[in-house]
Amino acid sequence: MTEPMKILIVEDERRIARFLQMELEHEGFETATEANGRRAYERILQGSFNLVLLDVMLPDMDGMEICRNVRKLSDVPIIMLTAKDDLNDKVCGLDLGANDYITKPFAIQELLARIRAVLRNYHPATDSPDGEILVAKDLVMYPSRYEVRVKEQPVDLTKKEYLLLEFLLRNKRTVLSRDQILQKVWGYDYVGDTNVVDVYIRYLRAKIDEKFGEKYIYTMRGVGYVIKD
């Protein structure tokens with residue numbers, strides 16, 4: 001038995017998102033929903049979705065920007081959804097890499113037909129070296145390639161700096177104590193100055209936050225450190 005196709009519905013109008021979710025699941029698709037543009041961008045890159053239904057008007061990051069950024073890293077099929085019946089919007093969306101474009105209101109039968117057509121014509125790249133991707137704002141980590149980029153520029157990190165950044169990214173929005181970081185990055189048998197965590201956080205901030213003028217690593221006083229969007 002084959003697994004159902006997974007579709008991410010990126011729509012900030014809850015009523016529409018729920019309607020699409022019910023209709024798609026009735027057709028046998030597996031679905032997930034997201035209302036925030038920036039979180040949607042991260043989920044598209046980190047998730048294993050077969051197709052994305054992407055609204056244009058979204059909080060934090062609009063659909064056009066999401067499509068543009070996703071296309072730099074992934075060829076996942078995207079169908080743009082919008083209330084704007086404007087030729088320029090359609091052309092822009094398609095030029096940015098969207099596979100199809102449909103305006104609201106639309107008949108669900110038409111949307112389903114477009115989804116089937118896009119999936120039928122999609123041939124995923126089999127030689128992509130990227131594998132898993134970890135993202136925070138414009139910071140992108142490719143664990144399989146041992147590579148980090150910020151605003152599309154490569155960042156040169158030592159092994160410990162890389163491991164520290166990876167641990168923070170894998171636990172994004174979770175505050176990690178110095179002890180947790182020490183145990184994970186330096187090992188349970190580490191014997192030495194616990195200030196080593198603070199020192200390496202400073203190293204990372206110099207190479208990432210300060211260099212690119214964007215705050216990624218936050219200090220929670222008395223608790224530890226966290227990467228936030």
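- Residues forming a salt bridge (Lys or Arg N to Asp or Glu O under 4.0 Å) with Lys172 (at least two apart in sequence, or on another chain): Glu42, Asp229.
- For residues 3-24, the set of pairs meeting the ring pair (Phe, Tyr, Trp, His ring centres under 6.0 Å) definition, not counting sequence neighbours, is empty.
- To the nearest 0.5 angstrom, Arg116 atom CZ is 13.0 Å from Asn121 atom CG.
- Considering all non-hydrogen atoms of both residues, Tyr200 and Leu164 come closest at CB-CD2, 3.7 Å.
- Judged by distance alone, with hydrogens and angles left aside, the side-chain atoms of Arg71 form a donor-acceptor pair with the main-chain N or O of Ser74 at under 3.5 Å.
- Rounding to the nearest 0.5 angstrom, the gap separating the CZ atom in Arg178 from the CD atom in Gln183 is 14.5 Å.
- With contacts defined as side-chain heavy-atom distances shorter than 4.5 Å, the pair Val76/Leu45 does not qualify.
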List the atom pairs, donor and acceptor, that lie under 3.5 Å between side-chain atoms in residues 7-15 and the rest of the protein, sequence neighbours left out.
{"from": "Glu11", "atom 1": "OE1", "to": "Lys104", "atom 2": "NZ", "distance (Å)": "2.8"}
{"from": "Glu11", "atom 1": "OE2", "to": "Glu13", "atom 2": "N", "distance (Å)": "2.9"}

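- Considering every non-hydrogen atom in both Leu168 and Tyr225, the closest pair reads CD2-O, 4.2 Å.
- Met61 contributes atom CE, which lies 4.0 Å from atom CZ of Arg38 (distance to the nearest 0.5 angstrom).
- A 4.5 Å side-chain heavy-atom check between Leu182 and Val196 finds at least one atom pair inside the cut-off.
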Sequence neighbours excluded and cut-off under 3.5 Å, please list the side-chain donor-acceptor pairs for residues 149-160, or say none.
{"from": "Arg149", "atom 1": "NE", "to": "Glu147", "atom 2": "OE2", "distance (Å)": "2.6"}
{"from": "Arg149", "atom 1": "NH1", "to": "Glu152", "atom 2": "O", "distance (Å)": "2.7"}
{"from": "Lys151", "atom 1": "NZ", "to": "Phe212", "atom 2": "O", "distance (Å)": "3.1"}
{"from": "Glu152", "atom 1": "OE2", "to": "Lys72", "atom 2": "NZ", "distance (Å)": "2.7"}
{"from": "Thr158", "atom 1": "OG1", "to": "Glu161", "atom 2": "N", "distance (Å)": "3.2"}
{"from": "Thr158", "atom 1": "OG1", "to": "Glu161", "atom 2": "OE1", "distance (Å)": "3.4"}

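- A distance of 5.0 Å separates CD in Gln21 from OG1 in Thr33, rounded to the nearest 0.5 Å.
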Steps toward side chain to side chain contact (heavy atoms under 4.5 Å, CB included) verdict (Tyr41, Glu65):
CA-CA 9 Å; Tyr41 169 60; Glu65 186 178 358; over 6 Å; no
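- In this structure, Asn99 contributes its side chain and Ile78 its backbone to a donor-acceptor pair below 3.5 Å.
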What's the verdict on side chain to side chain contact (heavy atoms under 4.5 Å, CB included) for Trp186 and Leu163, showing C-alpha distance, side-chain angles and the deciding distance?
CA-CA 9 Å; Trp186 277 266; Leu163 292 173; over 6 Å; no
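- Closest approach of Lys228 to Lys137, counting heavy atoms only: O-CE, 3.6 Å.
- Side-chain contact between Glu166 and Leu134 is present, with at least one heavy-atom pair separated by less than 4.5 Å.
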What's the verdict on side chain to side chain contact (heavy atoms under 4.5 Å, CB included) for Leu111 and Leu20, showing C-alpha distance, side-chain angles and the deciding distance?
CA-CA 10 Å; Leu111 177 60; Leu20 289 172; 3.5 Å; yes
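- For Asp100, the side-chain contact (heavy atoms from CB on, under 4.5 Å) partners at least two apart in sequence or on another chain are Ile79, Arg114, Val118.
- A salt bridge is defined here as a Lys NZ or Arg NE, NH1 or NH2 lying under 4.0 Å from an Asp or Glu carboxylate O, and Asp60 with Arg39 fails to meet this definition.
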Full working for side chain to side chain contact (heavy atoms under 4.5 Å, CB included) between Tyr216 and Leu204:
CA-CA 10 Å; Tyr216 295 91; Leu204 281 180; over 6 Å; no
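- Side-chain contact between Arg202 and Arg205 is absent, with no heavy-atom pair separated by less than 4.5 Å.
- The shortest non-hydrogen separation linking Pro77 to Asn50 is CD-O, 3.2 Å.
- At least one side-chain heavy atom of Val56 sits less than 4.5 Å from a side-chain heavy atom of Tyr101.
- Note that CD1 of Ile181 and CG of Asp198 are 8.5 Å apart. Values are rounded to the nearest 0.5 Å.
- Here the side chains of Gln180 and Thr174 are not in contact, with every heavy-atom distance at 4.5 Å or above.
- Under the 4.5 angstrom side-chain criterion for Ile, Leu, Val, Met, Phe, Trp and Tyr, the cluster partners of Met220 are Val175, Tyr218, Val223, Val226.
- Looking at Leu53 and Leu24, their side chains come closer than 4.5 Å, going by heavy atoms from C-beta outward.
- Residues Ile66 and Val52 are not in side-chain contact: their nearest non-hydrogen atoms beyond the backbone lie 4.5 Å or more apart.
- Closest approach of Gly63 to Leu58, counting heavy atoms only: N-CD1, 4.2 Å.
- Note on Phe29: it clusters hydrophobically with Phe106, by side-chain heavy-atom contacts below 4.5 Å among ILVMFWY residues.
- Residues Arg170 and Pro143 share a closest heavy-atom pair of NH2-CG, 3.8 Å.
- How far CE of Met5 is from CG of Leu119: 5.0 Å, rounded to the nearest 0.5 Å.
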